[in-house]
Amino acid sequence: MQEKKEKKSFERSGSTRKQIRFDDDLVEAIDIDRSNQAFSEWVKDACWSKLGKTVKND
């Protein structure tokens with residue numbers, strides 16, 4: 001597990017930026033499926049679905 005870094009004053013609280021690499025064919029499949037939905041929103045929904053939750057628990 002990575003150490004938590006202090007957020008800079010301009011960063012949003014309650015979220016963390018992560019950089020990940022996607023296979024080209026996966027990005028193409030996501031782009032086809034997501035229609036007008038933002039890429040990041042689609043990925044977050046997919047992650048919550050994988051975790052067995054339909055909505056984020058705040």
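These numbers were taken from a predicted model, which means no experiment stands behind them.
Listed by first and then second residue, the salt bridge (Lys or Arg N to Asp or Glu O under 4.0 Å) pairs that reach into residues 26-39 are D31-R34, sequence neighbours excluded.
Residues L26 and V43 are members of one and the same hydrophobic cluster, defined by side-chain heavy-atom contacts under 4.5 angstrom among Ile, Leu, Val, Met, Phe, Trp and Tyr. Both V27 and W42 sit in one connected hydrophobic cluster of ILVMFWY residues. Membership requires side-chain heavy atoms under 4.5 Å apart, directly or through other members.
The distance from the CD atom of Q37 to the CG atom of D45 is 5.0 Å, given to the nearest 0.5 Å.
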